[in-house]
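One structure is given here, and the rest of the page talks about it.
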There are 2 protein chains.
Amino acid sequence: MGASAITRTEVDVTHNPANVVARAAAVLEAVARSSAEGARLVDLAAATGIARPSVHRLLQDLTEVGYIEQGTDRLYRLGSGLFMLGLNAPTPGWDLTAIRPIAAALAERSEDTVYVSVRQFDGVHYLLRTEGAYPIRAQLVDVGDTKPYTSSYSGLALLSTLGTAEQDKALASRSFDVPEGWLGDTDVDGLLRSKLADVATLGYCGGASVVMPGVAGMAAPVPSRTQRPYMAISISAVEARLTPERMADLAPDLLEAAKQISLLIP
Amino acid sequence: MGASAITRTEVDVTHNPANVVARAAAVLEAVARSSAEGARLVDLAAATGIARPSVHRLLQDLTEVGYIEQGTDRLYRLGSGLFMLGLNAPTPGWDLTAIRPIAAALAERSEDTVYVSVRQFDGVHYLLRTEGAYPIRAQLVDVGDTKPYTSSYSGLALLSTLGTAEQDKALASRSFDVPEGWLGDTDVDGLLRSKLADVATLGYCGGASVVMPGVAGMAAPVPSRTQRPYMAISISAVEARLTPERMADLAPDLLEAAKQISLLIP
DNA sequence: TATTTTTAGTCCATCTAATGAACTTTATGA
DNA sequence: TCATAAAGTTCATTAGATGGACTAAAAATA
């Protein structure tokens, strides 16, 4: 080694530039993965492994084109420009042929109806249904339907993964088809919020006769490797069959099915 | 000019590097603007003003992250990665759950189908539809569809708020699905321009059997507090029900609905 | 089928714009 | 008030983006 020379370090390995598009995408997806409340700059830097100043400038550039928005709380969120692009983008080919057997197994195990659904705009879009062996079924939704979050446990499971702003909005505009006076003076808002909390603590939520008299259900969000959860799996049955005990009994199977599906989706 | 010297050109003004994120976004939006069939490389280069090789590499990078897909026909389309991001992105300010009741009230009043749509790139994107009580309906568009400006009165209402350059462009490329010879020797260009003028003078435009035989419609742009109008509300019905008299009768309700919606959007 | 025309994709010298360490500013909270 | 942490800014360095020129591969035409 040259004993002479100045203290000049051998090489500057600090820089690590790479494909800017890939870096910007990494930042976008880090934001998408973050809590719906928004993401902090430091966390995005940590998540992507990109230096803070670089992340900061990427976020600025992305803000300029409307793909990122920054709140007064300084947190970064996805921007509505992405929504507009997303409207024109094709839906990913969910591999339903691979997902269906998992749902079918759960339907066989539970003997009731299993739904798989995805979050779409401001509601739940049902992708598939598999019937269990039990002959009495409540046919509340069809495959292809899109329903408000508050109209099903699937919806609540998905809503629980969103920010408080979205939750407040969904609860404020809640509307499920219940007979006048059915719920009496129940604190529906509080009830629904407790269901949302259940998802956080138990990984699923469930109940009976809230959405519709005589109908019970339980649902869990399906984790995603790349995004905030956007898919849910649920079991729907007549009230008598989904007692709290039975729900606790089925919960491990529901969560296991969700986990299996998570391996098949982006 | 320097008589001496070699043929070396004075300066190389060819390069025009700029914010990569902005360029990638420009390419994405050029693809989004293109026909759903896909976009050709040359056209994207022309649309964005970026050199073909650069567009090509940007497309490659965007493909790598799933924001662009290329078919075997070599055409470039938006990728499903954008759909996934769009899922987590906020809708651009407008709150459909608040707008829907207003549309529903107009549908109830008119007994026919009411659409709410937004301007998107070079067309009209339908956000919601509420059916009226009248049983005979023309189902021309679905929610989620994006149609050219010239294919509906909603489109004309939105187009009227744009510059003459955009209007000329839209009218030049007009294409609606009418039977061969349906319009005879009508001056379609003049007719459409008169509809655009109607919006300026009356606040709405309407007519029958231009877009499609037997179908009539009327539409008004929804004012925006912060930008040029980007949303429209329209009534669609079979021709017999939307006579000029009835349109004049319904116009105040249409404009009132537009005004109410304008209070709910940015 | 051969020939032309058009478009997609590749290569590479140039040099801009992206990068991150170091620094300043702003917010949070004790 | 001061301390701490995060946001945001600056700037020398240089890696990677850029587009002209070229080649390859389709379409289009004869």
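A, B, ... follow the sequence lines: proteins, then strands. Residue 1 opens every chain.
Rounded to whole Å, the distance from CG on A/Leu59 to P on C/dA18 is 14 Å. Note: CZ (A/Arg57) to P (D/dC11) measures 15 Å, nearest angstrom. The CG-P distance, from B/Leu41 to C/dT7, rounds to 10 Å in whole Å. B/Glu64 places its CD atom 16 Å from the C1' atom of D/dA17, with the value rounded to the nearest Å. Atom CG of B/Asp61 is separated from atom P of D/dA17 by 7 Å (rounded to the nearest Å). The interatomic distance linking A/Gln70 (CD) with D/dA6 (P) rounds to 16 Å, in whole Å. Between the P atom of D/dA17 and the CG atom of A/Leu58 lies a distance of 12 Å, rounded to the nearest Å. To the nearest angstrom, C1' of D/dG20 lies 16 Å from CD1 of B/Ile50.
Ion pair A/Arg100/A/Asp95 not flagged as a salt bridge, since none of the NZ, NE, NH1 or NH2 atoms sits closer than 4.0 Å to an Asp/Glu carboxylate oxygen.
OP1 or OP2 of C/dG20 sits under 4.0 Å from a side-chain N or O of A/Arg23. Phosphate contact (OP1/OP2 of C/dG20, side-chain N/O of A/Arg52, threshold under 4.0 Å): absent. Distances shown here put a side-chain N or O of A/Ser54 below 4.0 Å from the OP1 or OP2 atom of C/dG20. Using a 4.0 Å cut-off, some side-chain N or O of B/Tyr76 falls inside it from OP1 or OP2 of C/dG9. Between B/Gln60 and C/dG9, a side-chain N or O to OP1/OP2 separation shorter than 4.0 Å is absent. Proximity of A/His56 to the phosphate of D/dG8: a side-chain N or O atom is located under 4.0 Å from OP1 or OP2.
Around the CZ atom of A/Arg52, the shell of radius 6.0 Å holds no more than 12 heavy atoms that belong to other residues, nucleotides or ligands. Atom CD of B/Gln260 sits in a crowded spot, with more than 12 heavy atoms from other residues, nucleotides or ligands closer than 6.0 Å.
You'll find that the side chain of B/Asn19 is closest to C/dA18, out of C/dG20, D/dG19, C/dA18. Taking every side-chain heavy atom of A/Ala51 into account, C/dG20 is the closest of C/dG20, D/dT9, C/dA18.
Among all heavy-atom pairs drawn from B/Pro90 and A/Glu69, the shortest one is CG-OE1, 4.0 Å.
With sequence neighbours excluded, the residues satisfying ring-ring contact (aromatic ring centres under 6.0 Å, His included) with A/Tyr230 are A/Trp94. Looking at residues two or more places apart in sequence or on another chain, you find no salt bridge (Lys or Arg N to Asp or Glu O under 4.0 Å) involving A/Asp198.
Looking at B/Val118, B/Val141, B/Leu158 one by one, the single match for side-chain contact (heavy atoms from CB on, under 4.5 Å) with B/His125 turns out to be B/Val118.
Of the residues near DNA chain C, B/Pro53 and B/Arg40, the one whose nearest nucleotide (by heavy atom distance) lies more toward the 5' end is B/Arg40.
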Produce the list of close N/O pairs, under 3.5 Å, pairing protein atoms with atoms of nucleotides 27-30 of chain C; give distances to one decimal.
none

